[in-house]
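Scope of the values below: all heavy atoms of this structure, side chains included, with no hydrogens, waters or symmetry mates. Residue numbers count from 1 along this sequence.
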Amino acid sequence: FSERKVHVGGLQEARPLSTGIFQAADHIIVTSAADKAGGHGMMVAISTSLSWGTVQDEKHRITIHDVELLEATCRTLIVGIKTQFVDLVVIALHGPRSTSNDDTPAEFWPRVHMTAMKFAASRPRLYLMDSNCTAAEEMEPVPAKIRVDAHLLEAWRRSATDPDDQIYL
């Protein structure tokens, strides 16, 4: 990630064995454990080597003490990053398909919205997700011409109170 100047990256289907936060080389790794069958599981990697800005000629970097695991399930990982100069909630998601046996889109997206708002109603949000959605032309317009299904679109519309909010798929 660092070579490509990525400050925060997410991975769905990471299949970690446990939930937690740890330091690995030049990243803070936050994980949510896979399910009992060994599927799903999430990971967020936060760079500790890239600068998030400069304050009085000193580069501002994130440390493990600036990162908080807010919510973790095998399909959802919500991470807070808070410093004197950075305030961000990272919401990493792996949406179910209509044929998934562990969850449904109709239940997942409203639940994700409520959980995200619990932790990030007034904080900037970065969404990293595999939504497993198909596009419907009537769903447009959506910022940056993102196409999503009705559940994600509704969750996004309810959570996007700030015009600068973006969804990244």
Side-chain angles (χ1 to χ4, degrees), residues 6-14 16 18-21 27-35 39-47 52-53 62-98 100-136 138-169:
V6 174
H7 289 74
V8 179
L11 181 64
Q12 295 77 27
E13 295 286 352
S18 62
T19 296
I21 302 175
H27 285 84
I28 298 159
I29 306 296
V30 186
T31 59
S32 66
D35 63 18
H40 308 303
M42 309 289 291
M43 182 184 85
V44 169
I46 303 161
S47 176
W52 289 63
I62 302 299
T63 71
I64 198 165
H65 304 291
D66 304 322
V67 177
E68 181 181 12
L69 191 148
L70 300 172
E71 177 82 6
T73 72
C74 66
R75 287 187 175 273
T76 306
L77 181 57
I78 302 178
V79 178
I81 303 171
K82 187 154 180 71
T83 72
Q84 182 179 358
F85 306 104
V86 176
D87 185 11
L88 179 67
V89 175
V90 179
I91 302 171
L93 305 169
H94 184 203
R97 296 179 187 274
S98 59
S100 296
N101 58 13
D102 66 318
D103 210 340
T104 67
E107 294 173 355
F108 179 79
W109 294 111
R111 186 173 62 248
V112 163
H113 167 72
M114 294 302 294
T115 303
M117 290 306 94
K118 174 180 168 184
F119 296 111
S122 62
R123 295 174 72 183
R125 298 175 291 280
L126 172 64
Y127 292 87
L128 307 169
M129 71 179 85
D130 174 357
S131 61
N132 281 322
C133 297
T134 56
E138 66 271 11
M139 298 282 173
E140 293 184 23
V142 178
K145 302 251 186 238
I146 295 168
R147 299 176 183 195
V148 293
D149 76 0
H151 302 292
L152 178 58
L153 182 60
E154 181 59 26
W156 179 83
R157 281 187 178 149
R158 284 183 290 176
S159 65
T161 56
D162 183 330
D164 292 331
D165 266 358
Q166 295 291 318
I167 273 187
Y168 297 88
L169 302 176

**Request:** List the steps, then state whether side chain to side chain contact (heavy atoms under 4.5 Å, CB included) holds for V30 with V90.
**Result:** CA-CA 11 Å; V30 186; V90 179; over 6 Å; no
**Request:** Determine, stepwise, if the pair V8 / I81 fulfils side chain to side chain contact (heavy atoms under 4.5 Å, CB included).
**Result:** CA-CA 10 Å; V8 179; I81 303 171; 4.2 Å; yes
**Request:** Examine distances only and state if a side-chain atom of S32 and a backbone atom of C74 form a donor-acceptor pair shorter than 3.5 Å.
**Result:** no
**Asked** Where do V86 and D66 land on the side chain to side chain contact (heavy atoms under 4.5 Å, CB included) test, with the steps shown first?
**Response** CA-CA 9 Å; V86 176; D66 304 322; over 6 Å; no
**Asked** Any idea which heavy atoms bring R125 and I91 closest together, and the distance?
**Response** CD-CD1, 3.9 Å
**Request:** Verify side chain to side chain contact (heavy atoms under 4.5 Å, CB included) between T73 and F108, making sure each step is shown before the conclusion.
**Result:** CA-CA 12 Å; T73 72; F108 179 79; 5.7 Å; no
**Complete:** Residues M42 and L77: closest non-hydrogen pair is CB-CB, 3.8 Å
**Complete:** Residues passing the side chain to side chain contact (heavy atoms under 4.5 Å, CB included) test with E13, sequence neighbours excluded, are R15, H40, H94
**Prompt:** Out of curiosity, I78 CD1 to Y127 OH, how far, rounded to the nearest 0.5 Å?
**Reply:** 8.5 Å
**Asked** How far does CD1 of I29 sit from CD1 of I21, to the nearest 0.5 angstrom?
**Response** 11.0 Å
**Considering all heavy atoms, the nearest L69-T31 contact** = CD1-O, 3.7 Å
**Prompt:** Between atom OG1 of T76 and atom CG of L70, what is the distance when rounded to the nearest 0.5 Å?
**Reply:** 12.5 Å
**Item:** Results of salt bridge (Lys or Arg N to Asp or Glu O under 4.0 Å) for D103 - residues two or more places apart only
**Value:** R111
**Any pair counted as salt bridge (Lys or Arg N to Asp or Glu O under 4.0 Å), so long as it reaches residues 69-95, sequence neighbours left out** = R75-D102, K82-D87, D87-R123
**Asked** Could you give the distance from CD1 (I28) to OG1 (T63), rounded to the nearest 0.5 Å?
**Response** 6.0 Å
